[in-house]
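In what follows, chains are A, B, ... by sequence order, proteins preceding strands, each numbered from 1.
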There are 2 protein chains.
Amino acid sequence: MANSDESATIYEVAQRAGVSIATVSRALRGTGPVAAKTRERVLRAVEELRFTPSRLGVSLASGRHAANGIVFPDLSGPYFAEVLLGYEEVASELGRSVIILSTRGRAAVPDLVRDLSRRVDGMVIFGQTVRDDVVAEIVASGLPLVMIARDTVAGADVVSSENTESAARLARHLLGHGYRRFALAGGHDNGDITQRWTSIGQVLGDHGLTPPEPSPCEFTVEGGYALGRSLLSGPRPEAIVCADDQVALGVILAAEELGLSVPGDVAITGWDDIMAARHARPALTTVRQPMRDLGARAARALDELITGSRDAPSSQVIPTELVVRASCGPHPLEEA
Amino acid sequence: MANSDESATIYEVAQRAGVSIATVSRALRGTGPVAAKTRERVLRAVEELRFTPSRLGVSLASGRHAANGIVFPDLSGPYFAEVLLGYEEVASELGRSVIILSTRGRAAVPDLVRDLSRRVDGMVIFGQTVRDDVVAEIVASGLPLVMIARDTVAGADVVSSENTESAARLARHLLGHGYRRFALAGGHDNGDITQRWTSIGQVLGDHGLTPPEPSPCEFTVEGGYALGRSLLSGPRPEAIVCADDQVALGVILAAEELGLSVPGDVAITGWDDIMAARHARPALTTVRQPMRDLGARAARALDELITGSRDAPSSQVIPTELVVRASCGPHPLEEA
DNA sequence: GAGAAAAATGTAAGCGCTTACATGAGCGAG
DNA sequence: CTCGCTCATGTAAGCGCTTACATTTTTCTC
């Protein structure tokens, strides 16, 4: 029962079973023929020694890590956690471990990413977490790479969720409420959010309105709160479209504190449909992103790249869903 | 500029620099003396070849993975994501990658855990995600192990957050509101939650009340909703203490749907203080867990175990904080 | 029952590094 | 100028596996 501290090697198994290490390897991996009796003896030895192959040995010899990386900015909001969840689930099914790397507050991101790239068979990177030249370096190294929520990158797959059409839908919905003075909460990040602002600007323009300049803020509840205080203190917009739900929740908090009613005095919308959106007061109108699916698809795409079952880079856009709740105003004519 | 697909090895660097691989290794790792000129030549070759050492080679030769594992049940709620966040941050600082493993819906958990254990220098496991015999196996193998939110395990560190005293505090607070008929939402899981129920039961008993039997439910909003419907349909309790915030949010939803006012008709409390707790309607009285800190401490404890800077297993209990909001009733005498 | 093909097993060369030990070069002291 | 050190560097043995190839054993076929 008492195991030695160090676990057994394939040599010890071979010796105990009275065969060569090659036979042990074959018996265990099923590559090459092994007589039934021999296999049994090997398995018994494996059992008795509680042998598990060293991953390092296996990986070094076979040339694959059986691990994938994923790089995201943060894990504090629900967004990335959900994507990660979907990713891990699929990756694990495909027999790959997942190594995570969060860049928030990290100084030497390029080094960390390079380091990560040396211990995986492929990796997923969220848009805007890693400098373009580093991404290019990864691509050039031949490492299979999938980008999430980013515009196309030569040599890498891209998986993102639909922004343009859903943002337009949201804008039209708000126009339908009769709002004309809009504010956009959350600056550009050159990724998803820029697409949304552009699309909303377009719709507003089509309706003869001057598209507002997005007001930058941190994509957190606190960031939204701070921005909300300032947006709601001056000449008040009728509707504040927020870059994500967390910002929207912060803006709602600010409105509440200023004694303003939502949506009575100002309509507020978010993006993502995180858990808190449903439970907020008022419940938040938002656009549901298929976050888990995003991760799952990234994992599948990456697997295809790694196994080489697909040659050309692919680019997937996953549809989103407008979720209308109370924060954008009363809805006499119920819309799906 | 055009790199070959496969990245360079230490041999190519050595050749280019006109030295032996040993010298390259020494120059790069700073082990052993290297003449300034030589070092320079090596570094130039490294630069030109864009050489990065193969992790597998390094690990196999040096015997360390420079990676830690973490096993959790799920990533869908905010709880585990926050812990993971704190964990990754510290682990990364300490130069260790983090490999994650989520057990939710996974069939062969023991195999997955064993597999993980072969590719890390140490791992963290959340209580109740892995069978006790598998945990024992890991411990026996000599792999440094830290358990989170679990009662003590021989041979492993334990990091958990305080439950007994904070649960008692919560119970006393509710008694102070005058509530006498309690319900406990969420069954035992033999970990944190059992401790809380026990403590609450104790306090109620001390006050001459019969402690209620906890009603099992899934630890999700949906689980809480389902249980809430049933708890609130029969003879109604005055206060429902929920195992975590998600359950509490579900119960609030159920109450709302049944036309009951919270806290007017029934008081509801959660546990964890997730983001949605603050934004819920009504805002949720709950107990804040230092989730990020939990992860950070686990990472540090694990590091001590791995480097051997500490010999005896340690057991840390992190204090929690009662957060009183609206969902448990009006508070004439403001309590900290 | 001999010979050939098929099946089973063994041998040994890596995979890309680290590092103990051996060797060689440079330098001050006598 | 030589001896004995010290500093630099090279050599080679692993680390624990996989796998191509060589070798031995079985199993058929006629």
Side-chain angles (χ1 to χ4, degrees), chain A residues 4-43 45-46 49-67 114-115 117-121 141 143, chain B residues 4-43 45-46 49-67 114-115 117-121 141 143:
Chain A
S4 76
D5 223 46
E6 291 308 312
S7 84
T9 72
I10 199 173
Y11 286 95
E12 309 177 47
V13 174
Q15 183 171 32
R16 183 165 196 124
V19 298
S20 73
I21 61 167
T23 300
V24 174
S25 177
R26 279 188 289 253
L28 256 34
R29 321 189 75 234
T31 86
V34 175
K37 269 187 177 169
T38 310
R39 180 192 321 282
E40 203 176 306
R41 253 184 313 145
V42 169
L43 293 182
V46 165
L49 263 39
R50 293 189 174 295
F51 169 76
T52 326
S54 149
R55 259 261 59 97
L56 290 175
V58 174
S59 290
L60 187 57
S62 68
R64 44 190 92 270
H65 296 265
R114 261 188 287 264
D115 194 67
S117 76
R118 300 303 265 119
R119 46 164 80 218
V120 297
D121 297 321
S141 80
L143 213 244
Chain B
S4 75
D5 222 47
E6 290 309 312
S7 83
T9 72
I10 199 173
Y11 287 95
E12 309 176 47
V13 174
Q15 183 171 31
R16 183 164 196 127
V19 298
S20 74
I21 61 167
T23 299
V24 174
S25 177
R26 279 188 289 253
L28 256 35
R29 321 189 79 232
T31 87
V34 175
K37 269 187 177 170
T38 312
R39 182 193 318 283
E40 202 176 308
R41 252 184 313 143
V42 169
L43 293 183
V46 164
L49 263 40
R50 294 188 174 296
F51 169 75
T52 326
S54 150
R55 258 252 74 87
L56 291 175
V58 174
S59 291
L60 188 56
S62 68
R64 45 189 93 270
H65 296 266
R114 262 187 287 262
D115 194 67
S117 75
R118 299 305 262 119
R119 45 165 80 219
V120 297
D121 298 321
S141 80
L143 213 242

**Complete:** A/Asp115 CG to C/dC17 P, in whole Å, measures 13 Å
**Item:** Reference residue A/Phe51; test side-chain contact (heavy atoms from CB on, under 4.5 Å); the match among A/Leu43, A/Val46, A/Val42
**Value:** A/Val46
**Asked** Given D/dA8, C/dC17, D/dT18, which nucleotide is nearest the side-chain atoms of B/Thr38?
**Response** D/dA8
**Prompt:** Checking all strands, does A/Pro53 fall into the base, sugar-phosphate, or nothing category for heavy-atom contacts under 4.0 angstrom?
**Reply:** sugar-phosphate
**Prompt:** Under the side chain to side chain contact (heavy atoms under 4.5 Å, CB included) criterion, do B/Arg16 and B/Val13 qualify, and how do the steps go?
**Reply:** CA-CA 5 Å; B/Arg16 183 164 196 127; B/Val13 174; 5.8 Å; no
**Item:** Given C/dC17, C/dG16, C/dT9, the nucleotide with the shortest approach to the side chain of A/Leu60
**Value:** C/dG16
**Request:** For B/Ile10 and B/Ser25, run side chain to side chain contact (heavy atoms under 4.5 Å, CB included): C-alpha distance rounded to whole Å, both residues' side-chain angles, the deciding distance at 0.1 Å, then the answer.
**Result:** CA-CA 8 Å; B/Ile10 199 173; B/Ser25 177; 4.1 Å; yes
**Prompt:** Can you check the B/Leu56 CG to D/dC15 P distance for me, whole Å?
**Reply:** 17 Å
**Prompt:** What nucleotide, of C/dG14, C/dC17, C/dT19, holds the atom closest to the side chain of A/Ala61?
**Reply:** C/dG14
**Message:** Is it the case that C/dC15 (base atoms only) and B/Tyr11 (side chain only) share a donor and an acceptor within less than 3.5 Å, ignoring hydrogens and angles?
**Reply:** no
**Prompt:** For residues 14-30 of chain B, which residues have at least one heavy atom under 4.0 Å from DNA chain D?
**Reply:** B/Gly18, B/Val19, B/Ser20, B/Ala22, B/Thr23, B/Arg26
**Request:** Report the distance from atom CZ of B/Arg39 to atom C1' of D/dA8, rounded to the nearest whole Å.
**Result:** 11 Å
**Prompt:** Taking side chain as C-beta onward, heavy atoms only, is B/Leu143 less than 4.5 Å from B/Val120?
**Reply:** yes
**Message:** From CZ of A/Arg41 over to C1' of C/dG10, roughly how many Å is that when rounded to an integer?
**Reply:** 13 Å
**Which residue lies more 5' along DNA chain C, comparing A/Ala35 with B/Thr9 via nearest heavy atoms** = A/Ala35
**Prompt:** Could you go step by step and tell me if A/Ser7 and B/Arg118 meet the side chain to side chain donor-acceptor pair (under 3.5 Å) rule?
**Reply:** CA-CA 10 Å; A/Ser7 84; B/Arg118 299 305 262 119; 2.9 Å; yes
**Message:** Over the length of the helix from C/dG1-D/dC30 to C/dG30-D/dC1, how much do the five-pair end axes diverge, rounded to 10 degrees?
**Reply:** 40°
**Request:** Enter the distance from B/Leu60:CG to A/Ser59:OG here, rounded to the nearest 0.5 Å.
**Result:** 10.0 Å
**Request:** Walk me through it: do A/Arg55 and B/Asp115 pass the test side chain to side chain contact (heavy atoms under 4.5 Å, CB included)?
**Result:** CA-CA 8 Å; A/Arg55 259 261 59 97; B/Asp115 194 67; 4.2 Å; yes
**Message:** In whole Å, I'd like the distance from the NE2 atom of B/His65 to the P atom of C/dC17.
**Reply:** 17 Å
**Message:** Is it true that, when you exclude A/Gln15 itself, more than 12 heavy atoms of the residues, nucleotides or ligands shown sit nearer than 6.0 Å to its CD?
**Reply:** no
**Complete:** When rounded to whole Å, the CD1 to C1' distance for the pair B/Ile10 and C/dC17 reads 6 Å
**Asked** Roughly how many Å is it from CZ in B/Arg55 to P in C/dC17, rounded to a whole number?
**Response** 11 Å
**Request:** Could you grab the distance from atom CZ of A/Arg26 to atom CZ of A/Arg39, nearest 0.5 Å is fine?
**Result:** 11.0 Å
